[in-house]
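Worksheet: one structure, shown below.
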2 protein chains.
Amino acid sequence: MVEKTPTVYDVAEMAGVSIATVSRYFRNPAAVRETTRERVREVVRELGYVPSGSARGLAARRTGTIGVCFPSFDDVAQIDARRLEGGPPVQVRVDADAHVDTGSDLYIAEVVRGTEIEAWRHGFAVMIAVPRGAAAHNVVEGLAGRVDGLVTLARAIDADQLAHIARRLPVVVVAGPREGDVYDHVTANNHGGMVALTDHLIDDHRLTRLEFVGGPEDSPDAQTRFEGFTEAMLLAGLGVPERPIARCDFTRAGGRETGRRLLAEGLLDDLDGLVCANDQSALGVLDELTAAGVRVPQDLAVTGFDGIEASNVATPRLTTVRQPMVELGRLAVAQVLHRLNEPMTEPTTRVLPVEVLLRDSCGPHAGDVA
Amino acid sequence: MVEKTPTVYDVAEMAGVSIATVSRYFRNPAAVRETTRERVREVVRELGYVPSGSARGLAARRTGTIGVCFPSFDDVAQIDARRLEGGPPVQVRVDADAHVDTGSDLYIAEVVRGTEIEAWRHGFAVMIAVPRGAAAHNVVEGLAGRVDGLVTLARAIDADQLAHIARRLPVVVVAGPREGDVYDHVTANNHGGMVALTDHLIDDHRLTRLEFVGGPEDSPDAQTRFEGFTEAMLLAGLGVPERPIARCDFTRAGGRETGRRLLAEGLLDDLDGLVCANDQSALGVLDELTAAGVRVPQDLAVTGFDGIEASNVATPRLTTVRQPMVELGRLAVAQVLHRLNEPMTEPTTRVLPVEVLLRDSCGPHAGDVA
DNA sequence: TTGTAAGCGTTATCAA
DNA sequence: TTGATAACGCTTACAA
């Protein structure tokens with residue numbers, strides 16, 4: 001950003017054409033004579049001209065970008081404190097314990113990736129924003145003002161503000177159940193997946209004493225999965241726990257903490273299996289069980305939910321339910337785009353299929369299923 | 001987007017103030033009398049007013065957003081083909097083989113996460129775009145026109161175009177070496193990390209017959225790591241391979257393919273260890289070695305690079321070099337913001353420290369190191 | 001195929 | 001503390 005920023009006027013003048021022609025050169029090159037086009041191209045190169053997205057958006061009344069909002073699980077204060085540099089260029093250390101420090105949410109990363117892919121397919125860009133901290137409202141408002149439509153994960157934006165911006169642009173909620181709202185929803189079949197998984201444990205492995213490790217209290221996904229679990233237990237005539245035997249925050253560190261607690265309190269002694277609300281927490285539980293000498297699946301079955309890559313690398317490989325995370329993101333964007341054209345149709349709810357992946361952490365498979 | 005979009009004019013009229021006051025209400029509320037503020041607030045709520053980011057950006061000559069560009073490793077054609085819906089709501093299947101289908105690049109996800117965090121800290125939004133397919137140029141141009149500065153991963157944007165847009169806004173390149181360019185660079189200490197890791201294999205484990213599994217030909221990171229490896233070998237007086245024993249594309253699937261090939265061709269028979277250019281490929285190699293009955297680390301040591309979570313879940317746990325991925329993203333944004341204020345200073349190169357994590361895949365540790 | 005000109009919805013300067 | 005008003009850089013009829 002060294003030189004004065006050139007505008008259409010500069011290009012037009014230098015190329016000896018009108019600004020309309022310069023605009024056409026970018027928007028609809030075919031409508032410009034070959035020789036003219038060449039002249040404009042030359043000037044654009046020479047001047048280093050880049051069209052202003054703001055001016056474009058203002059004039060055309062569309063930004064060509066989709067907003068994506070998701071909740072943050074990182075500790076803001078901690079982020080603030082962590083310094084960016086310093087220390088020796090290379091540090092060597094024995095990483096004896098499988099410590100965990102990544103707060104990265106693979107699930108969100110995949111959904112975001114899906115939104116980017118679908119947006120790209122339609123020539124849209126993606127703008128991401130995380131409403132955390134005191135300025136959360138401003139973050140969302142800024143985002144809303146800069147995009148043509150918004151995809152938001154459940155719990156990222158408070159209901160009032162969401163209602164406010166939904167008056168101005170299409171909003172699609174990912175992974176949240178409809179709660180009396182009027183937005184389009186895209187979600188995975190959490191309920192069905194968990195029922196099928198629990199059925200498998202009960203029917204094929206003959207496990208009867210099962211408990212559920214829950215997620216955050218306010219996670220609709222975690223809640224739905226718990227309901228799927230209890231429904232399957234109920235239908236099998238088994239005792240149904242009123243609540244999860246424990247809750248954790250969907251992170252692996254949280255899972256380990258939970259694992260330690262359950263072990264310490266002897267809560268696993270009469271158990272056949274632990275059904276966890278997501279993969280990360282299941283992996284954490286697994287860490288602790290293994291460390292404590294509990295054999296999985298022989299002594300205790302453990303299952304996850306999501307189908308992140310780590311679940312497929314763990315020992316034992318984790319039986320889980322794969323959510324189509326990329327597809328969730330893609331479909332959400334597709335729906336935003338659809339509603340941009342068809343504003344007045346009824347709000348929709350799309351439920352994407354899931355896949356129960358039977359691997360090693362629930363016991364040996366009698367044979368192929370389904 | 002049902003109602004007519006209200007503007008400052010509508011708000012101003014309805015609140016009985018000028019548009020300037022409405023603008024102030026948003027930009028600098030303290031400069032508006034409390035009672036006036038209340039009146040505007042009321043109207044904004046009532047009208048469902050959301051300020052236009054485009055108009056804002058145009059008038060203020062800054063967008064308040066940072067662009068982030070990264071290369072795509074997904075197969076575009078495949079993306080296009082994959083359908084979004086259909087199939088049974090739940091499918092149950094025995095996932096006997098540790099198949100791999102996720103093309104997600106954890107490294108990129110973490111870097112992007114870092115950019116978002118740092119941008120957020122400064123009140124900026126992040127716009128992401130992937131220049132893939134035929135319209136790659138347009139994607140980048142669109143991005144460049146809509147942001148105040150740009151962070152790009154190496155290889156995402158072609159040199160000509162990068163030079164073009166760098167005339168208009170600050171550009172910071174992540175994970176690419178300076179190649180005669182004038183951009184700011186942020187990178188991890190690939191070289192030092194690999195030297196330290198290789199030294200460890202040689203000095204502490206007494207391994208002498210080592211080979212390197214490379215990454216994509218055009219990856220500067222992969223190249224730098226290979227050089228670190230050969231340098232360490234050379235200094236130890238060991239035979240230095242001219243080139244990697246194999247190359248793969250940084251994916252786990254690619255690693256498995258490589259593993260199979262090496263096994264089939266008997267290339268591992270006289271080897272002590274395999275140093276891989278990244279974690280994903282190391283995990284893939286590990287998959288195949290384990291399947292073939294090769295014991296790691298007893299028969300053969302295997303190491304990775306990156307420090308993604310899966311490397312810490314694998315059996316054996318993968319010895320690797322952890323890159324500060326989030327910090328790379330954060331620092332890149334910080335640098336863009338810095339240059340926005342200080343346009344005329346010399347281009348900088350920041351090299352972030354790495355951490356060699358000694359785990360199980362290189363053999364038992366004699367004791368604590370460093 | 002090209003040009004003219006009227007917006008698009010803000011911010012910012014200056015004056016009141 | 002508030003108001004007029006001139007940019008800001010483009011798109012898009014409409015006319016030529």
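Remember, predicted model here, so these are calculated numbers, not experimental data. Chain naming here is simple, since letters A, B, ... match the order of the sequence lines and numbering starts at 1 in each.
As rounded to whole Å, 14 Å separates atom C1' of dG9(D) from atom CG of L47(A). Regarding N28(B), its CG atom lies at a distance of 16 Å from the C1' atom of dG3(D), rounded to whole Å. If you take CD of E13(A) and C1' of dG3(C), they are 15 Å apart, rounded to a whole angstrom. Between the CD atom of E141(B) and the C1' atom of dC10(D) there is a distance of 13 Å, given to the nearest Å. If you take OH of Y25(B) and P of dT2(D), they are 13 Å apart, rounded to a whole angstrom.
Side-chain N/O atoms of T21(B) include none lying less than 4.0 angstrom from OP1 or OP2 on dT1(D).
Contact annotation for T36(A): backbone-only contact, meaning every heavy-atom pair under 4.0 Å involves sugar-phosphate atoms and none involves a base.
Residues E42(B) and R39(B) are not paired through a salt bridge, judged by the lack of any N-O separation under 4.0 Å between the basic side chain and the carboxylate.
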Heavy-atom contacts, protein to nucleotides 10-16 of chain C, under 4.0 Å, summarised as B (base), S (sugar-phosphate only) or - (none) per nt, yield BBB----
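The minimum heavy-atom distance between V68(B) and L150(B), with the atom names listed, is N-CD1, 4.2 Å. The shortest non-hydrogen separation linking E46(B) to M14(B) is CG-CE, 3.9 Å.
No donor-acceptor pair closer than 3.5 Å links the side chain of R113(A) to the backbone N or O of A109(B).
Mapping R39(B) and R61(B) onto DNA chain D via the closest heavy atom, the residue that lands nearer the 5' end is R39(B).
Side-chain N/O atoms of E118(A) and H122(A) include a donor and acceptor closer than 3.5 Å.
In this structure the side chain of R168(B) reaches within 4.5 angstrom of the side chain of T5(A), judged on heavy atoms.
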